**Q** 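Would you mind keeping the following structure in view while I ask a few things?
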Amino acid sequence: MGVDLQEEVPIGEIKITNLPSVSMVINNLSSGIAVVMYDKLQCIGGMAHVLLPDSSLAGATDEMTPGRFADLAIPELVQQYLDKGAQKQDTLVRIVGGAQLFNFGGGGTNSLNIGTRNAIAIRTIISKHGLSIKKADVGGNKGRKIRFHVGSGILTITQAGQPDYEI
Amino acid sequence: MNTGHQVTLEEIESKVDKLPQMPEAAIRLIRLLDNPDANAEEMANIIRLDPDMTTQVLRLCNSAAYGLNRQILTVKEAVAILGLKTLKSLVYVIISKMALDKPVEGYGLGKGELFYNAITCAVYSKYLAQTIGGIDPELAFTAALLRDLGKIVLGEYVGSSYKNIEEVAIRSQVPFSEAEMRVLGINHNTVGKHMAKKWNLPEELIAVIEFKNKPSELPESSLPIKEKPGLYKLVTIIHLADAFTKMIGSGMGNDGLMYTLDQDALDQLGVKVDVEFMDTTLARLIHLEEVVNEMTQSLKGGA
């Protein structure tokens with residue numbers, strides 16, 4: 001049996017692999033969102049760890065890693081994933097994360113909820129690329145640890161105070 | 001509902017008494033750091049007598065985080081080049097590492113995570129103090145470091161009552177620290193305050209530890225504080241930095257994002273927390289991750 005390789009995906013990074021022994025992990029997923037793409041026929045996996053919905057709203061500068069912003073990260077993720085040989089029609093897209101503080105910004109408005117705004121932006125951008133999100137585990141007020149095993153495609157989520165689950 | 005095991009202050013005090021003692025050099029430095037007449041030479045003399053402390057000071061000031069363009073070889077040089085104020089904050093980083101660099105199981109934190117979280121919040125607090133103004137950025141950095149000190153002792157109790165605390169926090173939409181109070185009868189801020197007093201930490205740091213989750217309670221508090229308006233601003237800046245630290249997730253514990261932003265305190269601070277402020281600030285803060293990494297990496301493997 002081969003050794004399972006763990007590769008951390010920090011905020012702003014994009015990883016693509018066709019090595020079945022690789023598990024992509026995020027240990028501190030908070031308001032950011034992990035966008036996970038998987039072509040099970042060819043065993044190709046991709047992940048982007050996005051922090052913010054829109055680079056121009058965030059006043060991004062050239063020295064800032066583009067992968068931190070959904071509008072720049074997702075086109076790059078899709079491009080690298082397809083370049084590796086993955087096919088859109090065989091692709092499963094899942095998103096995880098987007099936790100937020102209670103009553104953020106007061107007055108019940110959700111315009112400041114970065115987690116929710118990230119999820120909305122990501123759904124729009126993904127659909128512009130002819131893909132759709134099949135499964136999502138977003139929101140809540142707790143951090144998550146995630147593990148995406150490329151060989152099996154299993155995406156495992158750990159949250160405090162509950163058993164691990166898969167989507 | 002089962003409200004869990006109520007914890008008495010006496011129980012906490014006895015736990016605090018049993019904590020490993022701070023090294024003599026750290027105790028003497030804390031006393032000196034709180035003295036406005038402290039001079040750099042006195043500080044250097046204490047550091048020099050402790051080989052571990054000396055190594056840590058030199059490693060840290062030679063890290064890229066301080067951006068010096070020459071190698072510092074002695075504590076005397078460090079004092080001369082960095083100046084007293086920066087040396088103070090650097091010494092606090094080392095003291096924080098001694099206090100925080102351990103696993104805190106009840107909050108789901110592995111070794112190093114609470115310290116990494118502390119450095120992250122300190123770096124963010126310094127940035128916010130620089131951009132918002134009115135507070136010495138170096139003070140904001142230092143004051144943020146030990147804000148979660150109480151978690152080290154309260155963790156033991158939080159672990160076994162976690163489900164109850166989580167349920168109270170989510171159901172009532174109150175900060176996790178408030179839910180700790182309702183379930184355990186005490187929270188990590190109160191525990192931290194007692195630890196900080198025992199260690200003779202300065203008044204500003206004690207106020208941050210106690211009020212960081214609800215700064216607007218500070219002006220009405222009975223604390224014998226010399227300059228409450230400045231302190232209120234300091235605590236609010238750290239409250240805001242703490243929220244950003246939680247959103248980014250560095251060294252986040254099981255309490256996660258179960259906290260609220262204190263709108264009254266932010267209004268007092270004059271900060272309009274809208275979409276533009278949140279997104280531009282988060283983008284700039286995550287860009288400081290490199291500084292956080294340099295600081296924590298430079299101290300890896302040391303005392």
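Only a predicted model underlies this, so the values are computations on that prediction, with no experimental measurement involved.
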**Q** Ignoring hydrogens, what is the shortest heavy-atom contact between A/Asn28 and B/Met252? Give both atom names and the distance.
**A**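 Heavy-atom minimum between the residues: OD1-N, 3.7 Å.
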**Q** What pair of heavy atoms forms the shortest contact from B/Tyr162 to A/Lys142, and how long is it?
**A**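 Closest approach of B/Tyr162 to A/Lys142, heavy atoms only: OH-CD, 3.3 Å.
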**Q** So for atom NZ, which belongs to A/Lys88, do other residues, nucleotides or ligands contribute more than 12 heavy atoms lying within a distance under 6.0 Å?
**A**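 For A/Lys88, atom NZ is crowded (more than 12 foreign heavy atoms under 6.0 Å).
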**Q** For B/Glu166, is it the side chain, the backbone, both or neither that has a heavy atom under 4.5 Å from a heavy atom of chain A?
**A**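 Looking at B/Glu166, just its side chain touches chain A.
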**Q** For atom CD of B/Glu290, is the number of surrounding heavy atoms from other residues, nucleotides or ligands below 6.0 Å larger than 12?
**A**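 Counting neighbours around CD of B/Glu290, 12 or fewer heavy atoms of other residues, nucleotides or ligands fall under 6.0 Å, so no.
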**Q** Hey, does B/Val275 have a side-chain heavy atom less than 4.5 Å from the side chain of A/Arg117?
**A**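 They are in contact (side-chain heavy atoms under 4.5 Å apart), so the answer is yes.
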**Q** On a heavy-atom basis, which atom in A/Leu101 and which in B/Tyr259 lie closest, and how many Å separate them?
**A**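 Looking at all heavy atoms of both residues, the shortest contact is CB-O, 3.5 Å.
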**Q** Would a 4.5 Å heavy-atom cut-off, applied to side chains only, mark A/Gln100 and B/Met247 as touching?
**A**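 Heavy-atom side-chain distance check fails, nothing below 4.5 Å.
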**Q** With a 4.5 Å cut-off on heavy-atom pairs, point out which of A/Gln159, A/Arg68, A/Arg144 contacts chain B the most.
**A**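 Most heavy-atom pairs under 4.5 Å with chain B: A/Arg68.
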**Q** What's the spacing between B/Glu289 CD and A/Thr65 OG1 if we round to 0.5 Å?
**A**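 That separation rounds to 10.5 Å.
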**Q** So for A/Pro10, is it side chain, backbone, both, or neither that comes closer than 4.5 Å to the heavy atoms of chain B?
**A**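 Interface part for A/Pro10: neither.
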**Q** Which bit of A/Ala60 comes within less than 4.5 Å of chain B, counting heavy atoms only: side chain, backbone, both or neither?
**A**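 Contact with chain B involves no heavy atom of A/Ala60 at all.
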**Q** For A/Gln6, does the CD atom have more than 12 heavy-atom neighbours from other residues, nucleotides or ligands under 6.0 Å away?
**A**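 It does: A/Gln6 CD has more than 12 such atoms within range.
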**Q** Which heavy atom of A/Ala58 sits nearest a heavy atom of B/Asp279, and at what distance?
**A**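 Scanning both residues, the minimum pair turns out to be CB-O, 3.6 Å.
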**Q** Between B/Leu257 and A/Ser31, which heavy-atom pair has the shortest distance, and what is it?
**A**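 Closest approach of B/Leu257 to A/Ser31, heavy atoms only: CD2-OG, 3.7 Å.
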**Q** Tell me, out of B/Asp255, B/Thr281, B/Leu266, B/Leu282, who's got the most heavy-atom pairs with chain A below 4.5 Å.
**A**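 If we count pairs closer than 4.5 Å to chain A, B/Leu282 comes out on top.
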**Q** Just verifying a value: how many Å separate A/Asn113 CG and B/Met278 CE, rounded to the nearest 0.5 Å?
**A**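 Those atoms lie 9.5 Å apart.
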**Q** Give, as side chain, backbone, both or neither, the part of A/Leu51 having an atom under 4.5 angstrom from any heavy atom of chain B.
**A**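 Contact with chain B involves the side chain of A/Leu51 alone.
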**Q** Would you mind telling me which of B/Gly253, B/Gly108, B/Ala169, B/Pro175 has the largest number of heavy-atom pairs within less than 4.5 Å of chain A?
**A**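 The residue among B/Gly253, B/Gly108, B/Ala169, B/Pro175 with the greatest pair count is B/Ala169.
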**Q** Is there a donor-acceptor pair closer than 3.5 Å between any side-chain N or O of A/Ser30 and the backbone N or O of B/Lys246?
**A**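 At least one qualifying donor-acceptor pair exists.
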